[in-house]
Amino acid sequence: MIYIHYFDPELTTWQQRQVTQLTNELRLSAPLWLDLSEASSDEEQQVMQMLAIAPTIAEDFTRQRHPPKFEAQADFSLLILRGYADADFTEFTRSAQVNLLFSRDILISKVLCHEPQLAVLLKPQLSTGINNTVLEWVKQLTLTVSGSYLGKLLSFEDELSELEDHMLRNGDDELMASMMRYRSVLRKVNRNLAYQKDIFADAMYEVQHPLSGHFTNTDLRDFYEKFERLHSMTDMYYDQLSDLVHGYMSTTSHQINERMKVLTMVSTIFIPLTFLAGVYGMNFHNMPELSFANGYFITLVIMLFIGLGSLAWFKFKNWW
Amino acid sequence: MIYIHYFDPELTTWQQRQVTQLTNELRLSAPLWLDLSEASSDEEQQVMQMLAIAPTIAEDFTRQRHPPKFEAQADFSLLILRGYADADFTEFTRSAQVNLLFSRDILISKVLCHEPQLAVLLKPQLSTGINNTVLEWVKQLTLTVSGSYLGKLLSFEDELSELEDHMLRNGDDELMASMMRYRSVLRKVNRNLAYQKDIFADAMYEVQHPLSGHFTNTDLRDFYEKFERLHSMTDMYYDQLSDLVHGYMSTTSHQINERMKVLTMVSTIFIPLTFLAGVYGMNFHNMPELSFANGYFITLVIMLFIGLGSLAWFKFKNWW
Amino acid sequence: MIYIHYFDPELTTWQQRQVTQLTNELRLSAPLWLDLSEASSDEEQQVMQMLAIAPTIAEDFTRQRHPPKFEAQADFSLLILRGYADADFTEFTRSAQVNLLFSRDILISKVLCHEPQLAVLLKPQLSTGINNTVLEWVKQLTLTVSGSYLGKLLSFEDELSELEDHMLRNGDDELMASMMRYRSVLRKVNRNLAYQKDIFADAMYEVQHPLSGHFTNTDLRDFYEKFERLHSMTDMYYDQLSDLVHGYMSTTSHQINERMKVLTMVSTIFIPLTFLAGVYGMNFHNMPELSFANGYFITLVIMLFIGLGSLAWFKFKNWW
Amino acid sequence: MIYIHYFDPELTTWQQRQVTQLTNELRLSAPLWLDLSEASSDEEQQVMQMLAIAPTIAEDFTRQRHPPKFEAQADFSLLILRGYADADFTEFTRSAQVNLLFSRDILISKVLCHEPQLAVLLKPQLSTGINNTVLEWVKQLTLTVSGSYLGKLLSFEDELSELEDHMLRNGDDELMASMMRYRSVLRKVNRNLAYQKDIFADAMYEVQHPLSGHFTNTDLRDFYEKFERLHSMTDMYYDQLSDLVHGYMSTTSHQINERMKVLTMVSTIFIPLTFLAGVYGMNFHNMPELSFANGYFITLVIMLFIGLGSLAWFKFKNWW
Amino acid sequence: MIYIHYFDPELTTWQQRQVTQLTNELRLSAPLWLDLSEASSDEEQQVMQMLAIAPTIAEDFTRQRHPPKFEAQADFSLLILRGYADADFTEFTRSAQVNLLFSRDILISKVLCHEPQLAVLLKPQLSTGINNTVLEWVKQLTLTVSGSYLGKLLSFEDELSELEDHMLRNGDDELMASMMRYRSVLRKVNRNLAYQKDIFADAMYEVQHPLSGHFTNTDLRDFYEKFERLHSMTDMYYDQLSDLVHGYMSTTSHQINERMKVLTMVSTIFIPLTFLAGVYGMNFHNMPELSFANGYFITLVIMLFIGLGSLAWFKFKNWW
Ligand SMILES: [Mg+2]
Ligand SMILES: [Mg+2]
Ligand SMILES: [Mg+2]
Ligand SMILES: [Mg+2]
Ligand SMILES: [Mg+2]
Ligand SMILES: [Mg+2]
Ligand SMILES: [Mg+2]
Ligand SMILES: [Mg+2]
Ligand SMILES: [Mg+2]
Ligand SMILES: [Mg+2]
Ligand SMILES: [Mg+2]
Ligand SMILES: [Mg+2]
Ligand SMILES: [Mg+2]
Ligand SMILES: [Mg+2]
Ligand SMILES: [Mg+2]
Ligand SMILES: [Mg+2]
Ligand SMILES: [Mg+2]
Ligand SMILES: [Mg+2]
Ligand SMILES: [Mg+2]
Ligand SMILES: [Mg+2]
Ligand SMILES: [Mg+2]
Ligand SMILES: [Mg+2]
Ligand SMILES: [Mg+2]
Ligand SMILES: [Mg+2]
Ligand SMILES: [Mg+2]
Ligand SMILES: [Mg+2]
Ligand SMILES: [Mg+2]
Ligand SMILES: [Mg+2]
Ligand SMILES: [Mg+2]
Ligand SMILES: [Mg+2]
Ligand SMILES: [Mg+2]
């Protein structure tokens, strides 16, 4: 099904109306917002043909999953964005895919989002004070996409602080596994943000970029800075997690070393002594030492010397 | 043997015909597709000379193995591509090498592919609706090459997800070895994709690049984006595997540490006690303690104190 | 509350005066310094509206936490800087945020700093000899921000030298944990410095950058070099810490190996011997060897051979 | 001694003639090839002065060891290349240093190569069919230098494949050490290739580069691509070796962990039991338990419980 | 104290004369070399004011420690260089700081060097054959600075080769610690060289760079290449050391694994057997097995089976 979103000035709210037939008259009621999120493949084809969209662009627009990109052609521009649709960074299920195909008069959107709260925000929510134009709608959607990351990243910062404290005090396998999962999610998010950051960096720095015909420099810079900041944050969080993993390994190695030291010293001192005791615990009939008057005491002294000798050797070798 | 591929408008299928003699008249039947995949070295030389191909380009075209490149000279352009010819990423046997030498009228191809299914796709398969021109053929072959990676990469993504779950729960040497193999394959694939991505990035960004005379900007951008996406995917998968390797090492270190703790504590507590028991198990005739009325009980108490003392020391040292 | 800072030529000190009402006449008393550090959200809005500041810029200015940036628009320029407000690098609580919005006539500042000593420096402290202009104030504040890092970094260098000596001699968990904390702080600081370095690099290298209208090339170069040096220092310190972590792990591995060697040799030699002694310590009635005249001595010789054999095997295997 | 290389059109082979005196008439017999490989320091100085070579260039030319570089000055150009003179990558003794100082009429070469087979190739070997010019000689020498790497690198690829298989199955110290040696050699080779790649990249991309006056674009591109390919290959081989080292460490850690598990379980179960047996093996006169009728059996049952208890604890802790 | 260095044409040596008063007439005796190495802070201020040096530049010149930089302003250029003043790379005490402030007529130098041999070279040492101009002096000093690294780096290469051989055969903690120290020194040196390399790279590639007014392209290229080579060498040595550290860790892990294998096998085989022997060494009155005629032999057979069983298990598990 194809929907049309429109702002009803009387109710001062946004309404949506189902479209059963695509007529060229629709094009006259500018600005027009067509929502293909729930359209069938056929309906998509119809719209693409009616608006004479170039096949490469149409193909990208109708794909369920495409990395963020921007492409302009004749009247229409295609902007594909990806929002963060999970509650936090413990698991990455799927991005919210936001495909926008727009000219000055028409916006065709296709939003795929499994998180209801974000899905609502990606629907039209303009208040009366704001210009009711296609470009304003695109701007609001872009800001909603960048906003879908920020809150979660900021609250992840606290999570990370706590992780650091825990890991440095006493880490465990659970924490380790969750850190690995965070790293994996942040890597994927970082890649999505890199693409989006690059889109707006190009728009700012390239001469005569199509987007700079649509938005003011201030707006483009704002989009860029928002995605750049998100990208730089995921970069840093990822790196901090990596540092933690490395630091944890280093601490663990040190502890193994300490334990090894204790074990080796105790073993090296007592194992030979225990052997000696075992020798004089044998039941041979003819063991002359056993009947020596001081045999026991001499043995104890010998054991003492062996023990102290081992200790001295360890001290000499700087083991403690 | 040299083959000519041609589209038979009556049968509406592609046919191939063996060529026994190269005549200049062949050049007149434009567009012409010569297939040298099974040509002998001599036949290759003949074709190169007939078309007056520059020696450096001819040398690159006739090589069985050359990294992807593009070079233009006079009328002819050389495009060398590499497709992925294995079923998955467990082992990398050989790339599908696609050497294309083309002018506006003639396409000379040399395709080396050991995977039958891909080999078929790299043969002409144009349907009637499409322009029957040399550049269209080159475009279709390029898209087939990029397509030879995509499906396998997407299904590798699922494989990777499962690997992550397994490794974080309980990894083993088998998984580790297969991860190492994946990394090795992804590295090689990534290098091939980097070359191909760079070819089309140059074509898009350099002024007056020969390829931009052959293809529209939209097509070049499409080629570029396809290879860029593939490259970025292999990059990320490789990095995620590296993360897994590191995380696994970290987890393993932690487990060694835990085991070491148990071993050291048990050993440190019981080894000295066992020694003491060994001492009073010796068979010396003259061991006064043995005949003490409470000798045994005193020894047990001493043992208890030593044991508890060790435990207290471990507790004090924060071992658990 | 909004404050006005002004230089009293008679007292030759800086004074501050609370403003209760914002009138347009205020704009006439150039140069004017408005301090919004303690202003309420409403008062901020009022000032922004009175000076007709663009909404994107106003939003960035009024945020409590924004990465360093520079943006110019119409008359006003926004410069956001971050100083280092902690005593050293053991813990990173919060940056000193310095938001400056200035035209040639007016400076509006919003400084958030929890460290009293730095906070004082970020208040006006111009002496009579210096030009009393808005741009001079901005310059002094920028230098104060860069200065807030330098002393602490130089004294960290000594700290680092000592850390290196300690870790190479005998590291411990405490040192390791503090190194991890340093790394985490340096990473965050490095990111802040990277943003600030980039601001002034842009100002130096871009043609017609707004900042080059405000400051001389010499000043811009000085700002750039100061932040570049700080950035390069944190980079190097971070990397040196990483080297230490790696080197420590390597040393630790080596020590584990050495201990393992001792433990394995002692165990391998004595454990079989102790078993043999245990066998002849069994109390079976019928153990023929026990009554052999030389049973004991033969056993001792066998034990000697087993012991020497093990030693020879270790020697042969190059264990020491 | 200074040699002159010349092509004898009658014998159709290359000849060399010793020069005892440098006269200006020599310059007339263009093209002239002077070989200073075995010249004394004095003779070198003489040639430099006769041809009025600038001191900085003369200094670089006469050095036995200089990283690859290109520099043009007045009539003469200096090209320093480095070939690979060892049989394989197990050890890096010394590069083949190829110093070429050439104008359109004269080539002065100084080749230092300890590998006889390569040394022969670096001597003139032009066949009749090829232009007998200075630039052709330089081209052939450049191709010989790049060719000195390729065969060895391609055969190293197979070596690497085998190494991968071995390391993943069962690595040992020997393999590890040889991998370390390969890495060290590849790093040095990679640096030499980076310099040479950059020389020809500059020649291709800089406007009015002196080399583009000497060689066609096709030739320069060919030189560049050859060195770029070699560089990219050493890069990848080095990285693959690093991956192997990391993967091997990870596998080793896992095996240590497995062994630790077995050792700890066996020790933890039997060490306390052995202690208990030791206690009842003591020879105190007054040990009431010993005379209990069921003392032995009760002890065995207690031992069984302790053993099963330990096993249960390990099971509970998920140790196997 | 301020010194004037001058070349006495009669004695054909360099002399130095102390200056008590700075007069403007001094400026007339061009070329003039003022040495402020031992000047007081006041004297420095005097010179700066007399020559009207801009404050930012004066501040950088008079600092004891500033990273290498170049800055030009009006008549004067400031060049800060850092030479290597230690005997080798085992410890980095302090760089030789060479601050040069020069116009076409005057050179003001401030050299801080704790190594006497290098300090001598940094004093004027021109022979008669060379142009006695300010720019020639600056050139000689720059070459002395670059020369202060080269010899030490080349002799470090041999040191490194030996380190590699030692580490791969049998590393120890001493070597490890010294490698860590080398890495730390090389990192600091590398940073200094990066700054100096960049100074001359800018001078070569920027259009109308002030230094290209002072020196010929040949000289600038020579400076650049010298520092670039040094930088690239320290880069490679550092990386080779890192490779060694990693390789050593890998080798160590392998050895721990081998030792662990031996220890675990010996322990696993003998610990249960020793327990069994301990059981029959207990002194309970009622132990029926002890009086069995074949009890001892049956026990020995059981022990044999247990031992062989363990061995078989290890073999089955592929432990050796
Ligand atoms: Mg990951
Ligand atoms: Mg930003
Ligand atoms: Mg950034
Ligand atoms: Mg990244
Ligand atoms: Mg690391
Ligand atoms: Mg690999
Ligand atoms: Mg790569
Ligand atoms: Mg490449
Ligand atoms: Mg793409
Ligand atoms: Mg990318
Ligand atoms: Mg990447
Ligand atoms: Mg890593
Ligand atoms: Mg960190
Ligand atoms: Mg960062
Ligand atoms: Mg600087
Ligand atoms: Mg830096
Ligand atoms: Mg960084
Ligand atoms: Mg590393
Ligand atoms: Mg190396
Ligand atoms: Mg290098
Ligand atoms: Mg190439
Ligand atoms: Mg590569
Ligand atoms: Mg490299
Ligand atoms: Mg690594
Ligand atoms: Mg590592
Ligand atoms: Mg270091
Ligand atoms: Mg550095
Ligand atoms: Mg730098
Ligand atoms: Mg060089
Ligand atoms: Mg380089
Ligand atoms: Mg570096």
Side-chain angles (χ1 to χ4, degrees), chain C residues 154 160-161 164 167-169 216-219 221-222 225 228-229 232-233 235-236 239-240 243-244 246-261 263-265 267-269 271-272 274-290 310 314 317-319, chain E residues 54-57 59-60 66-67 69 71 73 170-173 176-177 179-181 183-184 187-188 191 194-195 242 245-246 248-249 252-253 255-256 258-260 262-263 266-267 269-271 273-283 287 289-297 299-300 303:
Chain C
L154 286 176
L160 187 56
S161 261
E164 274 190 5
M167 288 306 283
L168 293 180
R169 243 179 292 119
T216 65
N217 271 345
T218 311
D219 279 338
R221 194 190 178 93
D222 192 39
E225 280 189 354
E228 193 282 331
R229 186 188 178 194
S232 150
M233 282 166 92
D235 247 19
M236 194 173 64
D239 287 344
Q240 282 181 305
D243 284 355
L244 266 184
H246 266 101
Y248 180 51
M249 268 179 78
S250 207
T251 307
T252 304
S253 280
H254 175 71
Q255 288 184 357
I256 294 175
N257 194 12
E258 286 305 298
R259 273 146 210 193
M260 204 66 211
K261 194 162 73 185
L263 176 61
T264 303
M265 284 176 64
S267 298
T268 303
I269 292 171
I271 284 178
T274 303
F275 163 66
L276 199 59
V279 164
Y280 290 113
M282 295 192 299
N283 297 318
F284 285 100
H285 298 174
N286 179 21
M287 289 176 69
E289 299 96 318
L290 296 183
S310 306
F314 286 123
K317 286 284 187 178
N318 257 320
W319 279 43
Chain E
T56 353
I57 291 207
E59 186 204 324
D60 284 354
H66 193 289
K69 67 167 276 186
E71 187 166 2
Q73 219 179 30
N170 59 343
D172 64 57
D173 273 20
M176 197 62 224
M179 278 167 56
M180 296 310 297
R181 264 190 297 267
R183 285 218 294 179
S184 177
R187 221 186 240 294
K188 290 169 195 158
R191 183 175 167 248
Y195 276 116
S242 298
V245 173
H246 267 100
Y248 181 51
M249 268 178 78
T252 303
S253 280
Q255 288 184 356
I256 294 174
E258 286 306 298
R259 272 143 211 194
M260 203 67 210
V262 172
L263 177 61
V266 169
S267 298
I269 292 170
F270 285 102
I271 284 178
L273 298 184
T274 303
F275 164 66
L276 199 59
V279 165
Y280 290 113
M282 294 193 297
N283 298 318
M287 290 177 68
E289 299 96 317
L290 296 183
S291 47
F292 290 0
N294 296 320
Y296 173 52
F297 304 104
T299 305
L300 285 187
M303 284 173 166

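Here is how names work: the chains are called A, B, and so on, in the same order as the sequence lines, proteins then strands, and each is numbered from 1.
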Undergrad: Please report the interatomic distance CE(C/M287) to CG(E/L290), rounded to the nearest 0.5 Å.
TA: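 One gets 10.0 Å once the value is rounded to the nearest 0.5 Å.
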Undergrad: Measure the CD-OG1 distance between C/E225 and E/T56 for me, rounded to the nearest 0.5 Å.
TA: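 These two atoms lie 9.5 Å from each other.
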Undergrad: Between C/G247 and E/R183, what is the shortest heavy-atom contact and its length?
TA: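 Smallest interatomic distance, heavy atoms only, reads N-NH2, 4.4 Å.
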Undergrad: Side-chain contact test, heavy atoms from C-beta onward, threshold under 4.5 Å: evaluate it for E/E71 versus C/T218 and give yes or no.
TA: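 Yes. Closest side-chain heavy atoms under 4.5 Å.
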Undergrad: Report which part of E/Q255 has an atom under 4.5 Å of a heavy atom belonging to chain C: side chain, backbone, both, or neither.
TA: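 Answer is both: backbone and side chain atoms of E/Q255 are under 4.5 Å from chain C.
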Undergrad: Go through the side-chain N and O atoms of C/N283 and E/N283 and say whether any donor and acceptor fall under 3.5 Å apart.
TA: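 Side-chain D/A pair, C/N283 to E/N283: present.
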Undergrad: Do you know the tightest heavy-atom contact between C/M236 and E/R187?
TA: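 Smallest heavy-atom distance, with atoms named: SD-O, 4.1 Å.
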Undergrad: Does any backbone or side-chain atom of E/F297 lie under 4.5 Å from a heavy atom of chain C? Answer side chain, backbone, both or neither.
TA: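 Side chain of E/F297 only, per the 4.5 Å heavy-atom cut-off to chain C.
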Undergrad: Are any of the side-chain heavy atoms of C/E164 and E/R181 separated by less than 4.5 Å?
TA: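 Of all side-chain heavy-atom pairs linking E/R181 with C/E164, none is under 4.5 Å.
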Undergrad: Using distance alone, with no hydrogens and no angle criterion, decide if C/S253 and E/Y248 have a side-chain donor and acceptor under 3.5 Å apart.
TA: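 No, no side-chain donor-acceptor contact under 3.5 Å.
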Undergrad: At what distance, to the nearest 0.5 angstrom, does CD1 of E/I256 lie from OG1 of C/T264?
TA: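 Those atoms lie 10.5 Å apart.
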Undergrad: Between CE of E/M179 and CG of C/D243, what distance do you get to the nearest 0.5 Å?
TA: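 CG of C/D243 is found 11.0 Å from CE of E/M179.
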Undergrad: With rounding to the nearest 0.5 Å, note down the distance linking CE in E/M180 to OG1 in C/T251.
TA: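 Rounded to the nearest 0.5 Å, the CE-OG1 separation comes to 7.0 Å.
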Undergrad: Is E/D60 close to chain C through its backbone or its side chain, or both, or neither, when contacts mean heavy atoms under 4.5 Å?
TA: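 Just its side chain gets close to chain C.
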Undergrad: With heavy-atom distances below 4.5 Å as the criterion, would you say the side chains of E/Y296 and C/H285 are in contact?
TA: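 Of all side-chain heavy-atom pairs linking C/H285 with E/Y296, none is under 4.5 Å.
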Undergrad: Measuring from E/S291:OG to C/N286:CG, what's the distance to the nearest 0.5 Å?
TA: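 So the gap between those two atoms works out to 10.5 Å.
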Undergrad: Contact part of E/I269 toward chain C, heavy-atom cut-off under 4.5 Å: side chain, backbone, both or neither?
TA: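 Contact with chain C: none, neither part.
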Undergrad: Kindly give the heavy-atom pair with the smallest separation between C/I271 and E/S267, and that separation in Å.
TA: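 Closest approach of C/I271 to E/S267: CD1-OG, 4.0 Å.
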Undergrad: Write down the atom of C/H246, the atom of E/M249, and the distance for their closest heavy-atom approach.
TA: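 Distance-wise, the nearest heavy atoms are O-SD, 4.4 Å.
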Undergrad: Between chain E and each of C/K317, C/M265, C/M233, count heavy-atom pairs under 4.5 Å; write down the option with the most.
TA: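 Highest number of heavy-atom pairs under 4.5 Å: C/M233.
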Undergrad: State, with a plain yes or no, whether a side-chain heavy atom of E/M176 is found less than 4.5 Å away from one of C/H254.
TA: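 SC-SC contact between E/M176 and C/H254 ruled out.
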Undergrad: For C/R229 and E/Y195, work out which heavy atoms get closest and say how close.
TA: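 Closest heavy-atom pair between C/R229 and E/Y195: CA-OH, 4.1 Å.
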Undergrad: Measuring heavy-atom distances to chain E, does C/L154 have an atom under 4.5 Å in its side chain, in its backbone, in both, or in neither?
TA: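 C/L154 touches chain E through side-chain heavy atoms alone.
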Undergrad: Which residue in the set E/L276, E/V279, E/T299 passes side-chain contact (heavy atoms from CB on, under 4.5 Å) when paired with C/M282?
TA: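 Going through the options one by one, the only one that passes is E/T299.
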Undergrad: Of the backbone (N, CA, C, O) and the side chain (C-beta and beyond), which part of C/R221 lies under 4.5 Å from a heavy atom of chain E, both, or neither?
TA: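 For C/R221, the side chain is the part near chain E, not the backbone.
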